[in-house]
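First the proteins, then the strands, lettered A, B, ... as listed; each starts at 1.
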2 protein chains.
Amino acid sequence: MNDVICTVDVVLLTIKDNGLSVALLKRDREPYKDVLALPGGFVHVREDADARGAAMRVLKEKTGIVAPYLEQLATFSGPLRDPRGWSLSIAYYALVSFEVIGRAGHPDVQMLSVDQRLELPFDHRGIVDAAVARLRSKSQYSSLPCYLAGDTFTLPQLQRIYEALMGEPLNKVSFRRKMAEMAMLEAVEGRMEAGGAHRPAQLYRLKPALREHLAVLERGL
Amino acid sequence: MNDVICTVDVVLLTIKDNGLSVALLKRDREPYKDVLALPGGFVHVREDADARGAAMRVLKEKTGIVAPYLEQLATFSGPLRDPRGWSLSIAYYALVSFEVIGRAGHPDVQMLSVDQRLELPFDHRGIVDAAVARLRSKSQYSSLPCYLAGDTFTLPQLQRIYEALMGEPLNKVSFRRKMAEMAMLEAVEGRMEAGGAHRPAQLYRLKPALREHLAVLERGL
DNA sequence: TTAATAGTGTCTGTTAGACAGTATGGG
DNA sequence: CCCATACTGTCTAACAGACACTATTAA
C-alpha cells in the first residue's frame, strides 16, 4: 500500500556576483548519473529524527555545510517525477554566505546563477523556482536576507543583498529606517570595513537572539 | 530502507459564530479509535496523482466536501508522531463557508472552535495551529478570507470575517479601499441582502478569474 | 419619523521617499 | 585640496485611520 520513495532535497542559495546562485552537484548514481542536480537523498528511518534532520544530514554529507538557516519549502510528489516510481521529496532551502561555501571547500559543488535557468533532472527546476520565490517573498518584510550576508557586514552590503533579491534599487534612508525598526542588528565596535578611498562603513552583526527566528516588519520595505 | 508511513491530513477551516472552527472526525480504527482527529489517510500510490490528489480524495471521502481552496501547509515527520512507526504526513488546509459543510451533511463531522484548544491525537494539535497561523498571516495581505465567505456576500460580512481572523476591529473606510485595490470583487446586480430594518448591503462575489489564484496587497490591511 | 446599518467625503496624523547636506577615509 | 562613499536632517507626497455626513430600508 505504501511503496512510496521518500527523499529530501535541499536548495542551497547564496549571493554571488550580486545575484542569487544555487548549489548543484553531479549525481553519483542512476537515474541521471553525472547530471547536475540538487543535493538530495533518501530519508533514513534509522538515523533521521525527522525530515529536517534528513535534510541537514544530506546537506552536510554532500556539501560539507551546516547552514545556519534551513527551512522547509514544500513537498513534491507524484508517479512521474522520479523514473523509479511514485516518489515524494520534502524540499528544504538553506541560506549561506558565499564565504561559507568556499570554506567548506567541496570541489564538486557548483554554484550556478538561478537566472541561468539551467535544465535540471526530476522536478528540480520547479523546486528551485519555488525556493527562489519563497525567499524573494519573505525578503520583502523580514530579516531573512541577513543569512546571505557573512557573520559581520555593513549596511551598504546588506542593502545590495536586499536589492539583488528584490530586483530593484531601494531608498537608502527608508532601508535604514526599516533595518532599525526590525531592531535585529548590533554594531561591531572598533572595526570598520577597509577598502576604498572613502569613509569606511560601520560593521554590524545579527543580534544573537535573532540567530534562530526572523524579525518581521509590520509593513514591507 | 524506506519503510515510511506516508499519510495526508487536512485541516478544514470555516467561520462559525464569528470565530474559526476546524473539522474533526472520530477515528474509525486504531490507533486512537473513536478519538476526534483531523480527516486523514494513507497516500494511495495506485489512485492518487500526487499528495494533493490524496488530500482531495481523503477530504471528499471523510466529509463529502470538495473545497474550492486547498493549499499545502507543511510536512510533519518523525518516529514518535504515530505509534505505528516512523511516519510522515503531508498536511493541507482547506477553506469553506459554513453553509458548504451543512450542505455536505456528513453527521460525523464536528466543527470545533480552534480557540477551544482541544487535545488531539498524533501531532494534530500542532498541525491545526500551523494552519491557523498560516491563514491568519496570509489574511493580512491577501484575498484568502474570501474563501470562507459564501458564493455571494456583502462587504460588512466580509469585514466581519477579516476581523475574526485578525482578532481586532478594522477601519471601515480603509477596509473598503483595500478591497477595491485588490480588484477581486464584482457586484451581483439586483440582489441585496435582506434582513434588518436598515439599508441593505450590496452583494458581491469573487471575480471568476480569481477563483484559482489569490489577489495580494502591496501593503497589508 | 425613528432606528439601524450601508456607504462616502474629507481631514489629519503617520509613513515613505527625494534631496541635499555633513562626515570621514584615501590619494 | 579633491573625490568617493557613509551617514543624517528635513521637506514633501502618499497613505491610513478618524469622523461625520448622506442613503436606504423596516417598523
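- Rounding to whole angstrom units, CD of residue A/Gln159 and P of D/dA6 are separated by 9 Å.
- In this structure, B/Arg160 places its CZ atom 9 Å from C1' of C/dT5, rounding to the nearest Å.
- Straight-line distance from the CZ atom of A/Arg177 to the P atom of D/dG9: 12 Å, rounded to whole Å.
- DNA chain C is contacted by both A/Arg219 and B/Ala201; B/Ala201 maps to the nucleotide lying nearer its 5′ end (nearest heavy atom per residue).
- In this structure a side-chain-to-backbone donor-acceptor pair under 3.5 Å is present from B/Tyr92 to B/Arg52.
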| request: May I have the step-by-step check of salt bridge (charged side-chain N to carboxylate O under 4.0 Å, His left out) for A/Glu163 and A/Arg160, ending in yes or no? | output: CA-CA 5 Å; A/Glu163 286 171 341; A/Arg160 265 172 251 130; over 6 Å; no

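- In terms of modelled atom types and a separation under 3.5 Å, the side chain of B/Glu61 and the main chain of B/Val58 share no donor-acceptor contact.
- Between the C1' atom of D/dA6 and the OH atom of A/Tyr204 lies a distance of 10 Å, rounded to the nearest Å.
- Going from atom NZ of B/Lys178 over to atom P of D/dG17 covers 8 Å, rounded to whole Å.
- Look at CE on B/Met192: it is 9 Å from P on D/dT24, rounded to the nearest Å.
- No side-chain donor-acceptor contact under 3.5 Å links B/Asp48 to the backbone of B/Ala51.
- A/Lys172 contributes no side-chain N or O that forms a donor-acceptor pair with the base of C/dG17 under 3.5 Å.
- Across the protein-nucleic acid pair, B/Glu181 atom CD and D/dG17 atom C1' stand 15 Å apart, rounded to whole Å.
- One finds no side-chain N or O of A/Arg199 lying less than 4.0 angstrom from the OP1 or OP2 phosphate oxygen of D/dA4.
- Atom P of nucleotide C/dA20 and atom CG of A/Asn171 are separated by 14 Å, given to the nearest angstrom.
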